[in-house]
2 protein chains.
Amino acid sequence: MQLLKAKKFDTRFEVLSATLKLFSEKGFFRTSMQDISAEASVSIGSIYHHFKNKEVIAKALYDMLLDSMTAQTQLCLDTEESFRASCKRLIRYFFEVAEQQPHALKFLLYARHQEFLPNHPAICQAKPFELLIVAAKEAIASGELRDVDPVIVVSSTFGGPMRLMLMKVDGVMDVPIEACFDASWECIWRGISR
Amino acid sequence: MQLLKAKKFDTRFEVLSATLKLFSEKGFFRTSMQDISAEASVSIGSIYHHFKNKEVIAKALYDMLLDSMTAQTQLCLDTEESFRASCKRLIRYFFEVAEQQPHALKFLLYARHQEFLPNHPAICQAKPFELLIVAAKEAIASGELRDVDPVIVVSSTFGGPMRLMLMKVDGVMDVPIEACFDASWECIWRGISR
DNA sequence: GTCTATATTCGGATAGAC
DNA sequence: GTCTATCCGAATATAGAC
């Protein structure tokens with residue numbers, strides 16, 4: 001599933017797509033409107049017709065990607081029966097995104113937003129994180145997990161995989177990230193399971 | 001131990017100290033030389049006398065903090081006898097820094113460097129990480145840890161605590177981070193130990 | 001809706017006195 | 001070594017034609 005959705009082949013999409021690539025490569029501040037214009041083959045005037053300013057492009061992009069992540073998280077939690085199964089599936093999904101849409105994941109993970117979207121909540125206050133906290137709480141109540149603070153459960157569960165994903169999107173990992181899944185998951189599950 | 005060392009009460013130190021605060025609050029690009037000048041109570045001309053440009057300040061800061069981290073990592077690995085004891089001590093140390101010198105940790109963790117120090121190695125290629133990989137390898141050989149890829153061991157060990165540290169420096173954690181230590185460590189150790 | 005040309009601001013960096 | 005005053009380029013954003 002593509003995180004960045006092409007409703008139709010329109011200017012708006014071209015701009016967002018080009019911007020995502022540039023931001024993840026060079027960052028928000030090193031990317032000029034000129035750059036975006038060139039990469040998207042859309043004039044600066046047109047860009048400003050669709051987006052009030054550069055920050056608005058960033059915000060549109062961020063919201064879109066985060067919404068996809070939230071939807072996917074919700075889906076995994078709703079579809080699977082156990083916390084274990086939900087997390088396994090979700091991490092598998094994240095790994096897939098890291099492999100196939102590294103730009104999107106890098107943009108999202110690198111929490112640069114803090115810098116270019118001032119007074120925006122930190123990523124750890126975002127929706128997916130909160131959904132997982134709730135799910136962890138339930139899994140503790142049901143006895144699936146040991147009785148540990150849910151925040152620590154979620155950090156322990158996703159902290160390791162996130163390090164691996166960062167390595168992947170930074171180009172430091174030469175093997176496919178899927179190769180890390182089993183070993184990584186075993187560490188996680190031994191850590192949090194009852 | 002202070003990560004930012006005051007050799008003497010000199011201009012250079014004043015600038016670095018002010019810059020650390022501003023960068024961690026507003027980021028590299030939103031901090032102007034004007035801002036630094038005001039915060040440090042040092043004229044712009046003087047700043048440029050000591051540092052060629054803004055990037056050089058950032059790099060000096062980054063190197064200084066990373067060197068401290070490397071030294072501390074080395075110390076823990078040299079002093080303690082087991083991988084387990086080394087990591088416990090190191091994470092305790094990190095937590096302490098998160099609590100007492102959040103600016104320093106935030107600057108270091110937020111890997112914004114990628115953006116303002118182009119073609120600089122990602123944090124996961126930095127010295128402390130490499131030291132830990134080697135140590136993990138040895139601990140596997142000695143039978144202290146299960147036979148898991150050392151990269152995964154290190155990610156699993158520090159991934160969780162790093163999430164917690166980020167929450168702390170982002171002001172999202174209201175309790176002292178030390179309160180998380182025992183539970184977090186138990187998850188880690190169950191995950192990686194033999 | 002898209003484009004080109006242009007205005008205006010901002011901030012990094014320098015010159016040169018003390 | 002420190003300071004003030006100033007330069008100048010870059011990039012955001014706009015105006016207005018098509």
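Everything quoted here is computed from the prediction, not taken from an experiment. Just so it is clear: chains get the letters A, B, ... in the order the sequence lines come, proteins before strands, and each one is counted from 1.
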I want to verify a distance call: between dT2(C), dA13(C), dT4(D), whose nearest atom is closest to the Y48(B) side chain? dA13(C)

Cation-pi check, R163(A) to F158(B): give yes when NZ or CZ is under 6.0 Å from the six-membered ring centre and within 45° of the ring axis, no otherwise. no

Just N and O in the side chain of T11(B): are any of them under 4.0 Å from OP1 or OP2 of dG1(D)? no

I need the CD-C1' distance between E14(B) and dG1(D), as an integer number of Å. 15 Å

May I ask you to say what S32(B) touches in the nucleic acid, namely base, sugar-phosphate or nothing, with a heavy-atom cut-off under 4.0 Å? sugar-phosphate

Using atom CD1 of I44(B) as one end and atom P of dG16(C) as the other, report the distance to the nearest whole Å. 18 Å

So do the side chains of E144(B) and R194(B) get within less than 4.5 Å of each other, counting heavy atoms only? no

Indicate whether OP1 or OP2 belonging to dT14(D) is found under 4.0 Å from a side-chain N or O atom of H49(A). no

Please give, in whole Å, the distance from dT14(C) P to M33(B) CE? 10 Å

Which sits closer to the 5' end of DNA chain C, N53(B) or Q34(A), going by the nucleotide each is nearest to? Q34(A)

Among K106(B), E39(B), H103(B), R30(B), which one satisfies side chain to side chain contact (heavy atoms under 4.5 Å, CB included) with E25(B)? H103(B)

Looking only at side-chain N and O atoms, does S46(B) come under 4.0 Å of OP1 or OP2 in dG1(D)? no

Integer-rounded Å distance: dC10(C) P and F29(A) CZ: 15 Å

CZ of F13(B) versus C1' of dG1(D): gap in Å, rounded? 19 Å

L22(B) CG - dG11(C) P separation (whole Å): 13 Å

Taking L132(B)'s backbone N and O only, do any of them form a donor-acceptor pair with K137(B)'s side chain (distance below 3.5 Å, no angle check)? no

So does S43(B) get a side-chain nitrogen or oxygen closer than 4.0 Å to the phosphate oxygens (OP1/OP2) of dT4(D)? no

Can you confirm whether more than 12 heavy atoms, excluding those of D63(A), are under 6.0 Å from its CG atom? yes

Under 4.0 angstrom, heavy atoms only, what part of the nucleic acid is T31(A) near: base, sugar-phosphate, or nothing? sugar-phosphate

Separation of atom CD in E55(B) from atom P in dG11(C), rounded to whole Å: 17 Å

Please report, rounded to the nearest Å, how far the P atom of dA11(D) is from the CD1 atom of I47(A). 14 Å

Among the nucleotides dT2(C), dT14(C), dG12(C), which one has an atom lying closest to any side-chain atom of H50(A)? dT2(C)

